[in-house]
Amino acid sequence: MADYSKEEIKHIEDKWRAEWEKRDVYKVKNDSQKPKYYVLDMFPYPSGAGLHVGHPLGYIASDIVSRYKRLKGFNVLHPMGFDAFGLPAEQYAIDHGIHPAVSTAQNIQNFKDQLSKIGFCYDWSREVQTCDPNYYKWTQWIFLQIFDSWYNRKTEKAERISVLVNVFEKEGNANHPFPNSKFLVPQTSKELFTAAEWKSFDKKTNQDILMQYRLAYLAYTDVNWCEALGTVLANDEVINGVSYRGGFPVIKKQMRQWSLRITEYAERLLKGLDEIDFSDSMKEIQRNWIGKSMGAKISFQVKNEKGEVHNLVVFTTRPDTIFGVDFMVIAPEHELVKDLTSHAQKEEIDAYLKYTESRSEIDRMAEVKKITGAFTGAYAINPFNGREIPVWISEYVLVGYGTGAIMAVPCGDERDHKFAKHFNLPITNIIGQHYNGEEANATKDAILENSDFLNGMVMHQAIDKVILKLEDKGIGKRQVNYKMRDAGWSRQRYWGEPFPVVYREDIPYAMDERKLPLTLPESNNFKSSGTGEGPLANLKDWVHFADGERRDTNTMPTHAGAAWYFLRYTDPHNDKAFADKKALDYWGQVDVYVGGSEHAVAHLLYARLWVKILHDLGFLNFDEPFKKLINQGKITGDSRFVYRVRGTNKFASAGLREKYDTDPLHVDVNIVTGTELDTEAFRKWKPDFADAEFILEDGKYICGTGIEKMSKSYFNVVNPDVIIENYGADTLRMYEMFLGPLELSKPWNTHGIDGVFKFLRRFWNLFHDNQGNVSVSDADPSPEELKVLHKTLKKIEYDIEHFSFNTSVSEFMICSNELTAMKCNKRSILEPLVIALSPYAPHIAEEIWEKLGHTDTVLNETFPQFDEKYLKEDSFEYPISINGKVRTKMNFALDMPKEDIEKLVLASEVVTKWTEGKAPKKVIVVQGRIVNVVM
RNA sequence: GCCCGGGUGGUGAAAUUGGUAGACACGCAGGACUUAAAAUCCUGUAACCCUAAAAGGUUGUGCGGGUUCAAGUCCCGCCCCGGGUACCA
């Protein structure tokens, strides 16, 4: 007697997990005649908190796809690993004295235990851990390849530094000027150097120049320094001027840092988006982050009071507004500020500079609306009409973007307009009625006025005309700008990959590749030195390991290990290369990548960048890592609150709390049923509450509710182990899919889980008689049964191919309801359904499969192909509408000609009643099986 | 502010892309079995009107217009919610 009971489920699931492991069924080979399919999950950071029900959502979806594709005849790569370097482990070490390596290993084990209970088909033999020296050896190796590369703008790809050196020796840098146009050759202070000069420079100068081209480079840069964390943060780790973790203040600080020259790839990263299947919002986020804008660079002559003439270059997207320029604004940090400031204005400018220097990043962000600035005393000349334009400085112009200077057009730009109003500067109107004198209007559709040779032109047409004229006169040119900055790649942390470089006379050289990995030295001192150097600086012997040689004290960010892990899975044990070329060619791009949208900018951009570089250098034959990306939604927590009357140990029920002065407290969701608190369990929950008293409503204590992030500190975490304990992994898997569309964020609740569980039991019962014995019939199926089967198969296939898992769960339910009603126990109907169900509920499927007499696992079956012929019907019930409203239904043979249907419809009593005998204007019959009579 | 995405019963949600809106599930109500409860099964369940009941009717996919024989789906204008981003010239 085998009922689908709690005990039986546990037995089945344990049995099959052991069986899968014993038979090694998930091991994937790199050589196969089958077509490949690569399904990837974003590997998790193994946090100490373990898995909650939100984590498996994406993993379940990818597991279903993997199993389905396997049944469809693909060789499926579906690996898992751990993003194991990172700050939390280091913080934990500082707080608890446990080495990151130890806590990380424990956490990983805990994650694997939890994951294994859900029945995923991972090939664990391919597991990678980014903190494993055998893995980060290759992270360091790839970093060295990037260090040894530059971006050739002519060929639009990365090339080796040796190629660049050859070029310099032959022709200097005339054809390949510095990527950062602000950099000047140290000895000559010019932008260009000749071959002869290159050869005459000393070694340090040569290296300094090459550093300006390397794709991984060292430079003094403004970094986000967080005093509290003692480390530098990436732009995307800073939110509104405070750290992403902890919310500590962040200020700008100059440090010598490694960066990746991702800006060189801005255009390719942008274009690549067109070829890959990411959601619109994901692409949009990346596009915004890259922030391309097209316009022109325009050079203005500026005269200071001494009569010296300087060139002030601005970037604008609106060269058409050139005659509306009423003033210029340059950033306070702009190099010309000193030269332009007149004697009379010096005091004011100095005061303003002092003010801006004193302002932290947070102040600036907090007071974006505040208008400040100072006049330099110098005037620029409009190159087209010679008009004199005052030059101001203001912090609303940023040094880091464009040229750090703008031409201000108050009638067309909101910020310029406010600035002009605030300082009482005259405003030239070039857009006629479009400008109302009150606010700027950024339209491109106005007809230009007061604009010399542009008068009468529509603005968006004038843009090109001005650029051509600027280029003609040699005072400007077409220019593209990107918001994206190079990626800071140094972290002042211990628990990360050390940089595989050696400094001699302060010049970094790549380590000998044969000596990799440069292992992370043993240490128990994880505190940063506080000067900006990380914990590795404390290890003097390691840093100064030889005379005149020094190591880098920084480590790489976690993005480094994550930027290529999907490549390693193809050949994870290779010690000769990061992966064998044949394996890389075979597996190629990731076909489906499932993960959270919070990685939209950082991880996904860096992974795309590394793949593009490796592609350019000849290691990969594809230059986008992920063909398709699915962002699963977040599962949020559904928190419960109790209301403590202030100063007492009394708790008021939610409906009564208004009557008292109360403070809400989070209460463990596990001792609340719905919204009703288990008061006894509450008293036992924490010693503080042992003698709690309750003010009840209707004899119950009702809790308040709130949707929040799932977090230990909110006591709203639901552990999947608990669900598995009560319902089994198959129910958990199907329920998480049933909750709603994968991409949607939703609060966790178990309201509907019984429905899913009941379905599995009913499905189980289809194969069993009322004594619980397996009982299937070998009789031939009826047309109705065949129709149910093939309808379901068709729908399930469509749903999985479209990542619409919630609807397939419904489809299984409908199918099982219909078969139950038909009392169908035919083997020929039920067997294909077991195979189709196996991606969703693998344990129960295996068990039934075995009971049906099969010795091989269901994994080696083929997904049953539906056949349209069983879905065909002889006749169909057409809804008949009159003027668009359905009034009746009629049956027609499928092959009946339209004209006959029309005749029959018009003859019908219901129709004549509605038409009152009048002739209709027309009758519409379409294949959508719709008949509409139009009166 | 700007850029995306969305708004459908008491709830989670379907709707094969312009063709019977609300599938499926939860919840709720009623019933069967039971001494009783739990479990299980069956029936009903958008709102309103009419009806003893059946049948029937009207209104309904955030709001207001429009296109169409036909609109949750397409177009125009608003309102609200979620996400991204923000002196980026």
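Both backbone and side-chain heavy atoms feed into the values below; hydrogens, waters and symmetry mates do not. Note on naming: letters A, B, ... go to the chains in the order of the sequence lines (proteins, then strands), and numbering restarts at 1 for each one.
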A/E868 with A/K794: basic N within carboxylate O range, under 4.0 Å:
yes
Any side-chain donor near an acceptor of the partner, A/Y352 and A/E395, under 3.5 Å:
no
Once you apply a heavy-atom cut-off of 4.0 Å, does A/Y482 come out as touching a base, just sugar-phosphate, or nothing?
nothing
What integer distance in Å separates A/M282:CE from B/U85:C1'?
14 Å
Describe the nucleic acid contact of A/L398 in one word from base, sugar-phosphate, nothing, applying a heavy-atom distance below 4.0 Å.
base
Euclidean distance for P, B/G62 against B/C80 (whole angstrom):
16 Å
Distance, C1' atom - from B/A23 to B/A13, rounded to whole angstrom:
10 Å
Could you walk me through whether A/H417 and A/Y435 pass the ring pair (Phe, Tyr, Trp, His ring centres under 6.0 Å) test, one step at a time?
CA-CA 11 Å; A/H417 191 262; A/Y435 176 58; 5.5 Å; yes
When rounded to the nearest 0.5 Å, the distance separating OG of A/S597 from CD1 of A/I285 is 6.5 Å
Note: for A/R761 and A/I753 on RNA chain B, the residue whose nearest nucleotide lies more 5' is A/I753
A/K292 and A/E267 ion-paired at < 4.0 Å
yes
For Watson-Crick and G-U wobble pairs within 3.5 Å on both distances, what is RNA chain B written in dot-bracket notation, | included for inter-strand pairing?
(((((((..(((......[....)))((((((.......))))))((((......))))..(((((..]....))))))))))))....
Is there a side-chain contact between A/Y878 and the phosphate of B/U20, meaning an N or O under 4.0 Å from OP1 or OP2?
no
Pick base, sugar-phosphate or nothing for A/I924, based on heavy-atom distances below 4.0 Å to the nucleic acid.
base
Which residue pairs pass the side-chain hydrogen bond (donor to acceptor under 3.5 Å, both in side chains) test when at least one of the two sits in residues 735-748 of chain A, sequence neighbours left out?
A/Y735-A/N749
Pick the P atom in B/A53 and in B/U45, then give their distance to the nearest Å.
15 Å
A/K922 or A/R762, whichever maps to the more 5' nucleotide of RNA chain B:
A/R762
Test for a donor-acceptor pair under 3.5 Å between the base of B/U40 and the side chain of A/K758, counting only N and O atoms.
no
Taking every non-hydrogen atom, the tightest pair across A/L742 and A/A61:
CD2-CB, 3.6 Å
In whole Å, what separates the P atom of B/C74 from that of B/C24?
26 Å
